[in-house]
Amino acid sequence: MSALSRRNFLALSGSAAAAGLSGRFANAAMGPNDKFDLVIKGGDVLDPGQSLRGKRDIGIRWGMIEAIENEIPAARAAKTIDATGKLVTPGLIDLHSHVYPYGSAIGIPADELAQFQCTTTMVSAGDAGVNNLAALRRYIVAQSRTRIYAFVHIANNGLSAFPVAELYNIDNAQTEACAMALAENPDFLLGVKVRMSENVIFKHGLEPLKRGIQACEMCGWPAKMMVHIGGVETKELMSDILNLLRPGDILTHSYSGFPNNAGVFTNIVQDGKLLPAALAAKQRGVLFDVGHGGGSFDFTVAEVAIPGGCTPDTISSDIHVFSGNSPGMPYLPNVMSKFMLLGFSLEQVVAMATTAPAKIINRAPKLGTLQIGAPGDVAIMEFVEGPVSFVDTRNNKRDGKALLKPVQTVINGVPFGRPYQAPFAVK
């Protein structure tokens with residue numbers, strides 16, 4: 001292989017090859033008789049990464065965004081999706097999900113979630129540890145149309161033993177092995193995940209987090225920590241966790257109201273007040289992720305933390321086999337809708353599920369955008385205005401005025417399944 005070495009060819013294998021090779025042609029000039037493979041017509045296009053909002057047609061060719069124009073003639077489209085009256089955004093990126101079926105006890109196939117979430121890229125949040133990471137990559141990621149990246153769990157077995165706690169035995173946290181996995185998979189892994197709840201780590205205090213940070217710093221590239229909170233053992237430990245986090249590390253379940261084993265509320269809002277350590281962490285560059293899930297989002301916590309300066313950087317679902325059936329319905333468009341209720345604009349919530357996570361996973365500006373040359377990942381949703389009721393994971397109810405409903409997902413320029421009508425009722 002002369003023009004392309006075997007090593008470089010293998011590095012471009014799978015979906016990366018499709019993106020890398022087709023990208024050479026996506027910017028080639030189109031002749032007058034050339035057609036777009038797909039045109040998404042007449043939608044209200046919202047791309048925060050380009051500060052773009054307005055009615056546009058999107059032309060996709062060879063899996064890439066080829067054109068965004070006021071109007072593309074119907075004759076130039078091999079296939080068309082009529083998005084009239086619909087919101088069209090970059091494909092959504094879910095920074096916290098569980099998409100390792102068969103290897104994690106709570107995983108759902110990412111491709112089965114695409115129509116319910118409009119997600120084109122998903123991040124596996126600690127489903128796999130060192131012992132089952134290779135299987136995640138080979139048998140799940142390589143065979144999914146949805147792009148999947150991952151945080152490797154500091155516990156060797158990841159979440160395979162759920163509901164048995166993975167870190168009651170601290171010997172499961174093997175720092176050197178975790179660092180080696182990071183060093184060997186920098187194109188796929190983003191960093192290390194650790195769950196710091198008392199019901200996961202028992203009485204081990206900061207030790208699991210310290211081991212995760214050490215693995216990140218040993219691996220040879222700037223790996224991030226994703227730190228799960230909710231039911232931390234003591235109030236003091238919560239501040240200690242926050243103080244240990246580095247700029248760029250991710251605090252997930254930021255607005256959790258889940259209590260510790262004794263029923264005490266030990267998260268970032270305690271006794272109705274935001275912890276000073278939480279604000280200090282935010283100010284030095286720790287990233288706050290929602291991670292709604294089935295037990296990790298509390299309106300009463302968010303309503304104190306957000307005005308206090310701890311706004312979310314990213315909105316994510318923490319979708320898994322249990323949370324998907326919970327009353328809070330943590331499908332990503334529904335979670336985004338809850339943050340409009342909390343005072344964020346449509347543009348802001350879309351950014352927190354597209355451009356913001358794309359930067360965190362180091363895939364900006366190609367993912368999370370509709371710019372020409374980017375992969376043809378598109379979310380088509382219905383923006384419904386009208387009274388709607390939401391519930392959090394602690395049965396607190398709030399009334400809102402708008403709801404995002406998934407309609408169609410396009411990945412690499414190919415529509416994903418049939419248009420979906422979400423079961424979110426508007427009064």
Side-chain angles (χ1 to χ4, degrees), residues 5-20 93-104 107 109-111 119-160 166-167 172-195 208-209 211-228 246 248-250 252 287 289 316 357-364 366-368 375:
S5 71
R6 182 177 183 277
R7 180 185 297 272
N8 289 336
F9 178 80
L10 291 174
L12 288 171
S13 62
S15 61
I93 301 172
D94 196 342
L95 189 67
H96 184 151
S97 64
H98 293 281
V99 286
Y100 187 5
Y102 322 119
S104 163
D111 289 350
T119 39
T120 56
T121 300
M122 303 192 75
V123 177
S124 168
D127 291 301
V130 173
N131 292 354
N132 56 352
L133 180 66
L136 170 63
R137 180 160 193 167
R138 173 170 291 196
Y139 298 115
I140 304 300
V141 175
Q143 299 179 45
S144 297
R145 284 179 57 190
T146 307
R147 288 180 183 81
I148 302 175
Y149 301 99
F151 288 93
V152 63
H153 205 302
I154 188 60
N156 284 1
N157 57 334
L159 298 177
S160 61
E166 65 271 17
L167 285 170
N172 285 334
Q174 298 287 322
T175 303
E176 293 81 4
C178 186
M180 181 64 73
L182 291 168
E184 292 175 343
N185 296 277
D187 59 324
F188 162 57
L189 293 179
L190 308 172
V192 177
K193 170 74 179 295
V194 63
R195 300 202 298 159
L209 175 55
R211 293 190 186 192
I213 291 174
Q214 185 180 4
C216 289
E217 294 178 347
M218 290 172 61
C219 74
W221 55 274
K224 300 176 174 69
M225 285 298 309
M226 175 179 272
V227 181
H228 155 129
R246 308 163 302 166
D249 286 340
I250 301 158
T252 192
L287 302 167
D289 174 57
S316 64
K359 291 176 183 176
I360 291 172
I361 67 174
N362 300 317
R363 298 306 187 279
K366 289 302 183 183
L367 296 185

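Note that these values count all heavy atoms, side chains included, but never hydrogens, waters or copies made by symmetry.
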Measure across Pro375 and Arg147 and return the closest heavy-atom pair with its distance rounded to 0.1 Å. CB-NH2, 3.1 Å
For Val123 against Leu95, the heavy-atom pair lying closest together: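 Closest approach of Val123 to Leu95: CB-O, 3.3 Å.
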Please round to the nearest 0.5 Å and tell me the distance separating atom CD1 of Ile148 and atom OG1 of Thr119. 10.0 Å
Which residues pass the side chain to side chain donor-acceptor pair (under 3.5 Å) test with Asp249, not counting sequence neighbours?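 Once residues adjacent in sequence are excluded, the partners of Asp249 under the side chain to side chain donor-acceptor pair (under 3.5 Å) criterion are Arg246.
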Run the side chain to side chain donor-acceptor pair (under 3.5 Å) test against Thr252 and tell me which residues pass, sequence neighbours left out.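 Scan of Thr252 (side chain to side chain donor-acceptor pair (under 3.5 Å), adjacent residues dropped) gives His96, Asp289.
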Distance-only donor-acceptor pairs under 3.5 Å for side chains of residues 215-226, two or more places apart:
unit_1	atom_1	unit_2	atom_2	d
Trp221	NE1	Leu182	O	2.9
Lys224	NZ	Ile360	O	3.0

Would you find a donor on one side and an acceptor on the other, under 3.5 Å apart, between the side chain of Asn185 and the backbone of Ala181?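 At least one qualifying donor-acceptor pair exists.
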So, using side chain to side chain contact (heavy atoms under 4.5 Å, CB included) as the criterion, who are the partners of [X] when residues are at least two apart?
{"X": "Tyr139", "answer": "Ala135, Gln143"}
{"X": "Ser104", "answer": "Tyr100, Ile106, Asp127, Leu159"}
{"X": "Asn131", "answer": "Asn156"}
{"X": "Ala134", "answer": "none"}

Hey, could you give me each pair passing salt bridge (Lys or Arg N to Asp or Glu O under 4.0 Å) that has a residue in residues 134-144? Not counting sequence neighbours.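 Every pair satisfying salt bridge (Lys or Arg N to Asp or Glu O under 4.0 Å) with a residue in residues 134-144: Arg137-Asp187.
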The salt bridge (Lys or Arg N to Asp or Glu O under 4.0 Å) partners of Asp111 (sequence neighbours excluded) come to none
